[in-house]
Amino acid sequence: MIADLPPVPVADGAHAAHTSERRTVTLVVRGGRVVSAAATVARYRCRGFGDLGPLRVVVAADAPISPGGRVALRAGPPSERLALRARWRPGGALTGVLQVRGTIGTGEPCISRRVRFSRGAPRG
């Protein structure tokens, strides 16, 4: 039997990490929930139109953080919907993956690649 992992406390405030594209993602936590997220993707590929980017999205969210430090959300308008999964680890490290899907004004579908992000535990 696998033992339950101890709870991972996630402090209120802004939690920033760096993406594999050398951009920033920021998750704002309040009361054990991610209440907003901001991320930049380098390329946003749109069928029939080509690539746009970099593209920055900022979304309001209401996604609960599990006792184990995990969160998943989909938020934002249909034109720039952010999907994100993240995990805080004991000591404050943060890892995850995000993707932006949507459309441009002509209705052509667009999608970013899946982008990983991480932040190590604070030193000190």
Side-chain angles (χ1 to χ4, degrees):
M1 181 172 170
I2 298 174
D4 290 331
L5 296 174
V8 177
V10 179
D12 284 358
H15 297 260
H18 290 89
T19 72
S20 57
E21 297 178 328
R22 297 183 184 179
R23 310 286 177 168
T24 300
V25 58
T26 303
L27 305 177
V28 177
V29 173
R30 190 174 324 129
R33 303 179 84 76
V34 173
V35 297
S36 69
T40 301
V41 292
R43 288 192 342 204
Y44 190 49
R45 293 179 181 222
C46 299
R47 187 180 334 144
F49 184 80
D51 291 353
L52 300 175
L55 174 71
R56 179 148 178 88
V57 293
V58 178
V59 299
D62 185 21
I65 301 169
S66 76
R70 294 178 186 267
V71 67
L73 65 87
R74 289 185 191 275
S79 60
E80 296 174 351
R81 178 121 353 191
L82 176 65
L84 180 143
R85 287 178 302 157
R87 181 177 180 198
W88 280 267
R89 298 185 185 278
L94 172 63
T95 59
V97 64
L98 64 90
Q99 186 174 44
V100 181
R101 290 178 182 254
T103 60
I104 56 173
T106 60
E108 299 293 331
C110 303
I111 189 167
S112 74
R113 69 183 190 100
R114 293 181 64 186
V115 178
R116 296 196 177 282
F117 60 88
S118 64
R119 175 190 75 199
R123 296 179 187 209

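Throughout, numbering of the chain's residues begins at 1 and tracks the sequence.
The two atoms that bring I104 and C46 nearest to each other are CG2-SG, 3.4 Å, heavy atoms only. Here the closest non-hydrogen pair linking P54 and T40 is CB-CG2, 3.9 Å. In this structure, V115 and S20 approach most closely via the heavy-atom pair CG1-OG, 3.7 Å. Nearest heavy-atom pair across S79 and Y44 is O-OH, 2.7 Å. Of all the heavy atoms in V58 and A38, the pair that sits closest is CG2-CB, 3.9 Å. Here the shortest heavy-atom pairing between A17 and L94 reads CB-CD2, 4.2 Å.
A distance-only check finds a donor-acceptor pair linking the side chain of S112 to the backbone of V100 [under 3.5 Å]. Judged purely by atom type and a 3.5 angstrom limit, E21 uses its side chain to pair as donor or acceptor with the backbone of A42. Looking only at distances, a side-chain donor or acceptor of R119 sits under 3.5 Å from a matching main-chain atom of G92.
Screening residues 27-38 for side-chain hydrogen bond (donor to acceptor under 3.5 Å, both in side chains), with sequence neighbours left out, gives R33-D62.
Note that CH2 of W88 is 5.0 Å distant from CG of L27, once rounded to the nearest 0.5 Å. Note that CZ of R81 and CZ of R101 are 11.5 Å apart. Values are rounded to the nearest 0.5 Å. A distance of 8.5 Å separates CZ of R87 from OG of S66, quoted to the nearest 0.5 Å.
Between V41 and L98 there is a side-chain heavy-atom pair separated by less than 4.5 Å. Two residues are said to be in side-chain contact when any heavy atoms from C-beta on lie closer than 4.5 Å; H18 and T24 meet this criterion.
V8 is connected to V29 through a chain of hydrophobic side-chain contacts under 4.5 Å among Ile, Leu, Val, Met, Phe, Trp and Tyr, so both are in one cluster. Hydrophobic cluster membership is shared by L55 and V25, with clusters built from Ile, Leu, Val, Met, Phe, Trp and Tyr side chains linked at under 4.5 angstrom.
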Applying side chain to side chain contact (heavy atoms under 4.5 Å, CB included) to V59 and L84, what does each step give before you reach the verdict? CA-CA 11 Å; V59 299; L84 180 143; over 6 Å; no

Report the C-alpha distance between H15 and V10 in whole Å, list the side-chain angles of each, state the deciding distance to 0.1 Å, and finish with yes or no for side chain to side chain contact (heavy atoms under 4.5 Å, CB included). CA-CA 9 Å; H15 297 260; V10 179; 4.0 Å; yes

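Counting heavy-atom neighbours within 6.0 Å of R56 CZ, excluding the residue itself, gives a total above 12. Within a 6.0 Å sphere centred on CZ of R113, other residues, nucleotides and ligands contribute more than 12 heavy atoms.
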Could you go through residues 70-77 and list every donor-acceptor pair under 3.5 Å that involves a side-chain atom there, pairing it with any protein atom two or more places apart or in another chain?
none

